[in-house]
There are 2 protein chains.
Amino acid sequence: MPAARRSSPRDLAELATRTEALRGASLAELAWGLAFELGGDGVRTKGKVGQLIERALGATGGSSASRDFPDLGVELKTIPIGVRGVPTESTFVCAIALGVDEATPWSASWARAKLAHVLWVPIVGEGAARKVGAPFLWRPTSAQDSQLAADYDEAMGILGLGGVEGLTARTGRWLQVRPKAPDGRKRATAVGPDGEWIATVPRGFYLRSKFTGAILRDAAATP
Amino acid sequence: MPAARRSSPRDLAELATRTEALRGASLAELAWGLAFELGGDGVRTKGKVGQLIERALGATGGSSASRDFPDLGVELKTIPIGVRGVPTESTFVCAIALGVDEATPWSASWARAKLAHVLWVPIVGEGAARKVGAPFLWRPTSAQDSQLAADYDEAMGILGLGGVEGLTARTGRWLQVRPKAPDGRKRATAVGPDGEWIATVPRGFYLRSKFTGAILRDAAATP
DNA sequence: TAGGATCCACTGGTGGATCCGT
DNA sequence: ACGGATCCACCAGTGGATCCTA
């Protein structure tokens, strides 16, 4: 099995080498090699896989870093793949700063910065049988960037006009807005219909699985 | 010994009753009654006494509450008293919001709100022999409030003019400004000499022991 | 002696995502 | 199928103060 990694990769080539070494490894053996508690099953282990892969690749930050590999400008995202070879879930991108992002253009947004260069690591299968698929570095094409920008602008436009409660996950072709909170409590504030501040649930950006599925197919077709 | 208290007191009378019941109790017996780890000695137990008294009186919040007894508008402060009957330390009031408080008048300040109504609980003696002295509720007299306002205005004036690095603990007759951070690191920002933002160490307001000593004497003289 | 430095507990917010009714 | 709801780990910040040299 791949050796445990703790130091951060120095360049993209080293990151690529390390990532390739993970390919085909089962999550169980990775966890064992890093003395990582993966947890058996479902609901109480939601973020564990992502953190396991971070450690296996020597990602810095843990949290509070703007990206997983700040020196390389690369963001790491795991993506669960089902038996049919397509993503089983949408992908969380980042939180929305309500009251701030409405006035931030896509070109300067946190979301765009995170998506500018992503190392996608597919996790294939279910439960204890999950293993690492074929990872790949990705940058959005200019066409993809344009559509993401359009989705972003649409959502931020709705928020800016006081439509936070009308902005559902149905808005956006590839990039959508959904709740992002440990519970349903209204711990954030946003502009309401009449321009006043109202309490609301925190939101985040997510990529629809249609989009990540398309990225995966492109990557498979262009080795 | 006094019984363990967990619910919050409903009114000032109940708070006074509970507080009076603590008088003369040793910290060791209070801790035992509440199953509280007081810790043996010095450096690793700095805030323990305050938290013990909070629990003994049923203070709410723990943290993040604006006051210890929000419904009563009362702040709880323990104050260490040495063998000569005078405070051995200054008293921390609250943190300074650098970049905000400079523009906040004393009348609207967090510091004034905290000091508006304080339950002082003297802690008499040293080490394992410490016990609760004679607690008392206090409100600043208008003369005291004026002097505190003057100290506050002086300090905030210096900060507003970019003098953060020149504002030492020597400024202020009763209310002083001192560092407030787990380490000496510059984790806050303030306006510098040339109007630019500079990194600096977080600060807090403290009451000089001269002042708390005077309050104590007044309380002893007016039973 | 007191100004500047430091220590612990606790928790809200963030980053990692997946769960689960309709 | 997917929109809305939820779960865990981690850490910086806050609130409780006292330590410790020059």
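If you're wondering where the values come from, they're calculated on a predicted model, not measured in any experiment. We name chains A, B, ... by the order of the sequence lines, and we start the count at 1 in each one.
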Legend entry - Electrostatic pair B/R203:B/E165 at N-O distance under 4.0 angstrom: yes
Inset, instruction - Output yes when at least one side-chain N/O atom of A/Q51 is less than 4.0 Å from OP1 or OP2 of D/dC10, else no. - result: no
Inset, instruction - Look at all strands and tell whether A/T88 reaches a base, only sugar-phosphate, or nothing, counting heavy atoms closer than 4.0 Å. - result: nothing
Inset, instruction - For A/P202, report the nucleic acid contact type (base, sugar-phosphate, nothing); a contact means any heavy atom under 4.0 Å. - result: nothing
Legend entry - A/R208 (side chain) donor-acceptor with A/L175 (main chain) under 3.5 angstrom: no
Legend entry - Donor-acceptor pair between B/T168 and B/R178 side chains, under 3.5 angstrom: no
Inset, instruction - Compare side-chain N and O positions of B/R170 against OP1 and OP2 of C/dA2 and report whether any pair is under 4.0 Å apart. - result: no
Legend entry - B/E89 or B/W110, whichever maps to the more 5' nucleotide of DNA chain D: B/W110
Inset, instruction - Would you indicate what A/E75 reaches in the nucleic acid, counting non-hydrogen atoms under 4.0 angstrom: base, sugar-phosphate, or nothing? - result: sugar-phosphate
Legend entry - Candidate nucleotides D/dC7, C/dG16, D/dA5, ranked by approach to the side chain of A/F92 - the nearest: C/dG16
Legend entry - A/Q176 CD - D/dA1 C1' separation (whole Å): 12 Å
Legend entry - Between C/dG16 (C1') and A/I123 (CD1): distance, integer Å: 13 Å
Inset, instruction - Could you tell me whether the phosphate oxygens of C/dT18, OP1 or OP2, come under 4.0 Å of any side-chain nitrogen or oxygen in A/R44? - result: no
Legend entry - Interatomic distance, B/F205 CZ vs C/dG3 P [rounded to whole Å]: 16 Å
Inset, instruction - Quick one: label A/Y206 by what it contacts on the DNA or RNA (base, sugar-phosphate, nothing), any heavy atom closer than 4.0 Å. - result: base
Inset, instruction - Give the nucleotide from the list D/dG15, D/dT6, D/dA5 with an atom nearest to the side chain of A/K180. - result: D/dT6
Legend entry - NZ/NE/NH1/NH2 to OD/OE distance under 4.0 Å, A/R67 and A/E75: no
Inset, instruction - Report, as yes or no, whether the 6.0 Å neighbourhood of atom NZ on A/K131 holds more than 12 heavy atoms from other residues, nucleotides or ligands. - result: no
Legend entry - Among D/dG16, C/dG3, C/dG15, the nucleotide that comes nearest once only the side chain of B/K46 is considered: D/dG16
Inset, instruction - Figure out the CG/P separation between B/L27 and D/dT18, and round it to whole Å. - result: 11 Å
Inset, instruction - Indicate, with a heavy-atom threshold strictly under 4.0 Å, whether A/K48 touches base, sugar-phosphate, or nothing. - result: sugar-phosphate
Inset, instruction - Please determine if a side-chain N or O atom of A/R187 lies less than 4.0 Å away from the OP1 or OP2 oxygen of C/dG13. - result: yes
Inset, instruction - Select base, sugar-phosphate, or nothing to describe what A/T78 touches, counting heavy atoms under 4.0 Å on all strands. - result: sugar-phosphate
Legend entry - For atom CD1 of B/I53 and atom C1' of D/dG15, their distance in whole Å: 16 Å
Legend entry - Sole residue of B/Y152, B/F92, B/W106 in ring-ring contact (aromatic ring centres under 6.0 Å, His included) with B/F205: B/Y152
Legend entry - Interatomic distance, A/E54 CD vs D/dA9 P [rounded to whole Å]: 14 Å
Legend entry - Sugar-phosphate only, base, or nothing, as touched by B/K114 at under 4.0 Å among non-hydrogen atoms: sugar-phosphate
Inset, instruction - For B/G47, report the nucleic acid contact type (base, sugar-phosphate, nothing); a contact means any heavy atom under 4.0 Å. - result: base
Inset, instruction - Whole angstrom is fine here: how far is it from CG in B/L76 over to P in D/dG16? - result: 8 Å
Legend entry - Separation of atom CG in B/L98 from atom P in D/dT14, rounded to whole Å: 11 Å
Inset, instruction - Could you say whether A/D183 or A/K210 is positioned toward the 5' end of DNA chain D, judged by the nucleotide with the nearest heavy atom to each? - result: A/K210
Inset, instruction - Check every atom of D/dC7, C/dG4, C/dG16 against the side chain of A/K77 and return the nucleotide holding the closest atom. - result: C/dG16
